[in-house]
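All of these numbers come straight from a predicted model, not from anything done at the bench. Only this structure's heavy atoms are used, side chains among them; waters, hydrogens and symmetry mates stay out. One-based numbering, in listed order, for ligands and for the atoms of each.
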Amino acid sequence: MKKIIHIDADCFFAAVEMRENPNIANLPVAVGGDPNKRGVISTCNYQARVFGVKSAMSSAYARKLCPNLLIIPSRISLYKQYSDAMHAIFSEFTPYIEPLSLDEAYLDVSESEDFSGSATLIAEEIRDRIHREIGITVSAGVAPVKFLSKIASDWQKPNGLFVIPPDAVMSFVDPLPVRKLPGVGQVTAEKLARYGIYTCLDVRTYGLSKLIRQFGVFGRRLYEMSQGIDNRDVQARSNRKSMSVEHTFEHDVERLEDLMPELQELIERLTLRYSKLDSSYSIHTYMVKIKFSDFSQTTIETSARTRGVIDYESFARLVNAGWHRERKSVRLLGVGFRFKLDDVEQLLLPFGGDFPDEDSTQSE
Ligand SMILES: [Mg+2]
């Protein structure tokens with residue numbers, strides 16, 4: 001029996017913008033295109049949703065629904081940074097991570113020994129750390145299979161956790177509307193409704209052979225999902241080229257020597273994460289990132305001297321050199337590696353991705 005966690009940030013782009021600018025946190029906020037240039041809403045916060053604003057809606061119409069809506073042009077490279085920080089936290093718990101988008105991922109924690117292997121506690125810890133360290137909220141679903149974990153993460157959104165333990169799978173799926181299943185869009189849902197199929201229990205009652213006749217291969221898949229079966233593994237990307245951990249100080253750190261205790265801790269976290277990777281990853285480069293109190297940022301790298309041995313001195317020298325570039329108080333310190341992947345490994349990159357919905361709606 002597997003333990004899968006699906007993590008999904010709440011109104012991600014808008015949440016990042018609110019985090020970056022706390023002054024707008026209580027306003028209706030959307031990230032999207034210019035209403036005067038046929039722009040479209042990409043994400044909006046919950047204050048905006050009260051007015052009926054939704055993803056994929058035209059910005060002009062959104063503004064009509066909510067005249068005070070603040071529409072911010074999207075800043076993907078910023079969202080990417082938040083996404084990387086989330087993934088850095090994920091990978092402290094498991095190397096089996098399948099990203100679905102910038103703010104969504106499956107984690108297989110079946111082999112994880114953290115919290116005595118409790119996926120529920122791991123999910124709570126991940127949610128808590130993302131909130132504390134990154135400043136946004138995520139929702140999580142825990143289940144024995146992928147598709148149920150994804151449905152579960154949506155169940156208590158926003159900022160929620162929902163767990164479907166193995167012995168509750170059948171009672172969860174029985175009344176589950178088919179529209180919630182991956183691959184069932186509006187068209188398929190309407191077709192199913194014509195056969196009187198609205199829930200997973202209806203799917204099972206209808207029977208496998210008739211489903212295959214009406215829906216082909218997907219009929220079998222439907223029948224499996226209606227029993228909570230999903231044999232897809234979490235497809236960990238093995239093409240990771242780097243790994244890093246970072247820490248944002250509660251109070252900016254003024255003196256260089258006061259960074260060193262944190263450096264020690266970061267290196268330990270990095271080492272722990274590195275130890276969970278397979279042996280094909282050899283460390284090629286050390287990296288240090290320093291963000292100063294004025295939000296300026298510097299990164300500095302050096303070749304790793306000894307393969308596989310993590311040496312504190314090299315990192316300390318990087319921190320020293322990086323700090324001297326600005327000599328200001330420090331807001332964030334990060335350390336990381338770049339890897340040199342075996343050539344064979346490069347050729348075996350797995351395909352990731354989830355079942356595409358026939359009319360997939362933008363995920364929040
Ligand atoms: Mg999301």
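Both tests hold for Arg49 against Tyr46: distance to the six-membered ring centre under 6.0 Å, angle to the ring axis within 45°.
Evaluated for a side chain to side chain contact (heavy atoms under 4.5 Å, CB included) with Val53, the options Asn45, Val29, Leu69 yield exactly one hit, Leu69.
Cluster annotation: Met287 and Leu272 are assigned to distinct hydrophobic clusters (Ile/Leu/Val/Met/Phe/Trp/Tyr, side-chain heavy-atom contacts under 4.5 Å, transitive).
At a threshold of 2.8 Å, the Mg ion (ligand 1) has a backbone or side-chain N, O or S atom of Asp103 nearer than that distance. Among the backbone and side-chain atoms of Asp8, an N/O/S atom is found under 2.8 Å from the Mg ion (ligand 1). Among the backbone and side-chain atoms of Phe12, no N/O/S atom is found under 2.8 Å from the Mg ion (ligand 1).
The aromatic rings of Phe12 and Tyr82 stand perpendicular to each other, their planes meeting at an angle above 60°, with 30° marking the opposite boundary.
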